[in-house]
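Within every chain, numbering begins at 1; the chains are lettered A, B, ... in the order of the sequence lines, protein sequences first and strands thereafter.
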Protein chains: 2
Amino acid sequence: MKTKIGILGYGNLGRGVEQAVLRSDDMELVAVYSRRNPDSIKTVSGVQVVSTDVLSEGKEDIDVLVICGGSATDLPEMTPKYAALYNVIDSFDTHANIPQHFANVDEAAKATGKIGIISCGWDPGMFSVNRLYSLSILPGAKAYTFWGKGVSQGHSDAIRRIDGVKDARQYTVPVEAALEAVRAGKNPELSTREKHTRLCYVVAEEGADLARIENEIKTMPNYFADYDTTVNFISEEEMQRDHSGLPHGGSVITTGETGSTGMKHVVEYKLTLDSNPEFTGSVLVAYARAAYRMNQAGDSGAKTVFDIAPALLSPLSGEELRHSFL
Amino acid sequence: MKTKIGILGYGNLGRGVEQAVLRSDDMELVAVYSRRNPDSIKTVSGVQVVSTDVLSEGKEDIDVLVICGGSATDLPEMTPKYAALYNVIDSFDTHANIPQHFANVDEAAKATGKIGIISCGWDPGMFSVNRLYSLSILPGAKAYTFWGKGVSQGHSDAIRRIDGVKDARQYTVPVEAALEAVRAGKNPELSTREKHTRLCYVVAEEGADLARIENEIKTMPNYFADYDTTVNFISEEEMQRDHSGLPHGGSVITTGETGSTGMKHVVEYKLTLDSNPEFTGSVLVAYARAAYRMNQAGDSGAKTVFDIAPALLSPLSGEELRHSFL
């Protein structure tokens with residue numbers, strides 16, 4: 001019996017989830033659900049597109065709904081709503097609002113006996129799990145998180161909103177010297193500026209004031225003002241040719257000590273990803289498998305990656321896992 | 001209420017566990033148990049040493065017993081025996097015998113409602129967990145495990161058994177070219193010889209035939225014959241000065257693809273450890289915390305790192321974990 005997956009939202013992440021389901025032999029993609037007119041969407045796999053109005057009736061034959069919406073406005077509303085109807089999973093990443101989101105999903109899911117996994121992906125997600133493992137093993141240790149080199153879609157969007165900008169791509173780049181100091185166990189105190197730089201490629205509209213655009217980017221609060229930012233103006237052709245992918249990655253590096261003589265230990269978890277949405281989608285699908293299993297075992301309520309035993313992510317049996325991976 | 005820990009066996013690993021308990025505010029070391037005469041052992045922390053005869057009565061006031069014995073003969077007998085009396089954890093690492101060991105511990109622990117975690121540490125242990133996570137996220141991916149640079153105690157012991165050898169230290173060294181090929185996503189097929197080399201430092205007895213010793217090492221089946229091995233003869237002073245530590249580490253590197261266009265992803269988990277026994281002891285103590293909690297929640301039987309949700313390793317609450325680590 002295959003696990004039946006529904007995908008809500010068909011942007012980059014939704015398509016990444018679709019690809020991950022196609023590569024999972026124990027899973028079956030039932031439908032993509034969208035608020036848009038279903039006739040306007042053609043899925044890569046050819047799976048049917050269904051209106052969210054139908055989904056809201058709560059009668060869809062799916063084991064887990066993977067919700068691929070934005071953290072700002074979509075997920076705070078969608079995840080609790082659908083957690084009352086289906087087992088759900090999302091990639092909510094607005095850190096300050098996680099307690100409220102967790103509480104909302106927990107209440108909705110528990111009321112009807114469903115599982116709702118929130119904040120899943122690689123950060124939050126696999127990076128979080130690695131921070132937790134390392135800091136639990138090494139009390140008093142320090143965990144450093146570096147992102148990149150990779151495309152930040154939020155920062156790219158912020159540049160696109162500037163007057164005179166046609167297209168933009170922003171790469172977050174970790175500072176090599178900072179990475180090396182951390183890996184060497186030097187336990188540095190690092191400011192925002194010392195950890196990452198921001199590298200921007202911008203296609204300007206014809207006749208636009210490039211100096212003004214560059215200045216608006218570099219002084220933009222929260223997004224760029226606290227970083228060393230480089231702005232490169234390029235042609236549309238160059239953007240298409242050199243910057244069409246969505247690579248990302250980064251490292252969680254934990255340094256700590258043990259014993260009476262202060263033995264040093266460095267734990268590094270590093271991701272190098274050709275496609276951020278496809279990897280994130282793959283993480284969501286593995287945890288969707290866990291969501292269904294936990295629910296089948298009688299569990300309900302909101303969960304995060306912290307609450308889920310790794311064995312639940314794999315289609316293999318405990319015996320097979322001990323044989324092959326232990 | 002602190003979690004009460006007992007340590008069975010007081011070699012390098014037992015002392016590593018002792019140090020880890022001392023650094024864990026929520027834990028208390030009750031006693032070290034030994035088959036040797038308790039009066040002959042002085043613990044680093046000053047904690048009492050008690051005979052295993054007393055432990056076998058099953059009346060010790062401990063929440064978890066950390067069993068620090070050898071996998072060849074100690075653990076197959078000890079872990080099931082004590083799992084019938086206490087929650088236990090071990091670092092059993094004879095891979096081929098894990099199914100039998102798991103079954104034995106499971107039966108003993110379930111009969112009396114205890115938890116028995118087996119094969120915990122970093123490999124098996126944290127490396128296993130990382131293989132499982134990455135291979136579950138990326139179906140069809142390939143996980144490569146490299147060890148070192150670090151001291152292999154088993155290989156050092158094997159050299160010490162050769163006639164004319166006074167002392168020896170063997171370092172397992174990963175082959176840099178192999179590591180780089182894997183990190184680059186080239187998915188190489190690597191023979192044993194292509195993955196690791198073996199570097200030996202040997203103190204010979206006066207007048208011993210060095211050429212014979214070197215030949216005996218290099219041709220030793222299983223241990224050295226399949227590897228490129230370097231043998232260096234050094235003085236006792238050099239051994240003491242340069243090779244008294246027990247550093248170790250290594251990497252699990254998983255490379256896989258997603259999507260219809262074969263996007264590549266590389267996941268690396270890397271450990272660089274000043275002290276193998278102190279880090280292993282720290283992993284055991286974090287999982288001892290989980291063992292007690294699972295048992296308090298009504299669970300019993302044999303478990304591995306695969307079966308344990310990461311949140312159980314930390315003394316922090318779910319709310320604190322979501323706030324600080326997610």
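With rounding to the nearest 0.5 angstrom, the CG atom of A:L313 is 11.5 Å from the CG atom of B:L135.
Here A:V283 is the residue among A:L22, A:V283, A:L284 with the most heavy-atom pairs under 4.5 Å with chain B. Chain B forms more heavy-atom pairs under 4.5 Å with one residue of A:A286, A:G259, A:G318 than with any other, namely A:G259.
With a 4.5 Å cut-off on non-hydrogen atoms, A:V129 touches chain B through its side chain but not through its backbone. Looking at B:V305, both its backbone and its side chain come within 4.5 Å of chain A, counting heavy atoms on both sides. Contacts of B:F102 with chain A are made by side-chain atoms alone, with heavy-atom separations under 4.5 Å and no backbone atom involved. No part of A:V44 comes within reach of chain B, as not one of its non-hydrogen atoms sits under 4.5 angstrom from that chain. Contacts between A:L138 and chain B at a heavy-atom distance below 4.5 Å involve the side chain alone, from C-beta outward. In this structure, no portion of A:I253 lies under 4.5 Å from any heavy atom of chain B.
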Going through the distances and angles, do B:L326 and A:L132 end up as a side chain to side chain contact (heavy atoms under 4.5 Å, CB included)?
CA-CA 8 Å; B:L326 195 60; A:L132 173 51; over 6 Å; no
Which donor-acceptor pairs sit under 3.5 Å apart between chain B and chain A?
unit_1: B:Q19; atom_1: OE1; unit_2: A:S260; atom_2: N; d: 3.2
unit_1: B:R23; atom_1: NE; unit_2: A:G259; atom_2: O; d: 3.4
unit_1: B:R23; atom_1: NH2; unit_2: A:G259; atom_2: O; d: 2.8
unit_1: B:S128; atom_1: OG; unit_2: A:L326; atom_2: O; d: 2.7
unit_1: B:R131; atom_1: NE; unit_2: A:F325; atom_2: O; d: 2.9
unit_1: B:R131; atom_1: NH2; unit_2: A:F325; atom_2: O; d: 3.3
unit_1: B:R131; atom_1: NH2; unit_2: A:L326; atom_2: O; d: 3.2
unit_1: B:Y133; atom_1: OH; unit_2: A:Y133; atom_2: OH; d: 3.3
unit_1: B:T258; atom_1: OG1; unit_2: A:E278; atom_2: OE1; d: 2.7
unit_1: B:G259; atom_1: N; unit_2: A:E278; atom_2: OE1; d: 3.4
unit_1: B:G259; atom_1: O; unit_2: A:R23; atom_2: NE; d: 3.4
unit_1: B:G259; atom_1: O; unit_2: A:R23; atom_2: NH2; d: 2.8
unit_1: B:S260; atom_1: N; unit_2: A:Q19; atom_2: OE1; d: 3.2
unit_1: B:K264; atom_1: N; unit_2: A:D274; atom_2: OD2; d: 2.9
unit_1: B:K264; atom_1: O; unit_2: A:D274; atom_2: N; d: 2.9
unit_1: B:V266; atom_1: N; unit_2: A:T272; atom_2: O; d: 2.9
unit_1: B:V266; atom_1: O; unit_2: A:T272; atom_2: N; d: 2.9
unit_1: B:E268; atom_1: N; unit_2: A:K270; atom_2: O; d: 2.8
unit_1: B:E268; atom_1: O; unit_2: A:K270; atom_2: N; d: 2.7
unit_1: B:K270; atom_1: N; unit_2: A:E268; atom_2: O; d: 2.7
unit_1: B:K270; atom_1: O; unit_2: A:E268; atom_2: N; d: 2.8
unit_1: B:T272; atom_1: N; unit_2: A:V266; atom_2: O; d: 2.9
unit_1: B:T272; atom_1: O; unit_2: A:V266; atom_2: N; d: 2.9
unit_1: B:D274; atom_1: N; unit_2: A:K264; atom_2: O; d: 2.9
unit_1: B:D274; atom_1: OD2; unit_2: A:K264; atom_2: N; d: 2.9
unit_1: B:E278; atom_1: OE1; unit_2: A:T258; atom_2: OG1; d: 2.6
unit_1: B:E278; atom_1: OE1; unit_2: A:G259; atom_2: N; d: 3.4
unit_1: B:F306; atom_1: O; unit_2: A:A311; atom_2: N; d: 2.8
unit_1: B:A311; atom_1: N; unit_2: A:F306; atom_2: O; d: 2.8
unit_1: B:F325; atom_1: O; unit_2: A:R131; atom_2: NE; d: 2.9
unit_1: B:F325; atom_1: O; unit_2: A:R131; atom_2: NH2; d: 3.2
unit_1: B:L326; atom_1: O; unit_2: A:S128; atom_2: OG; d: 2.7
unit_1: B:L326; atom_1: O; unit_2: A:R131; atom_2: NH2; d: 3.2

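Using a 4.5 Å cut-off on side-chain heavy atoms (C-beta onward), B:F279 and A:I137 make contact.
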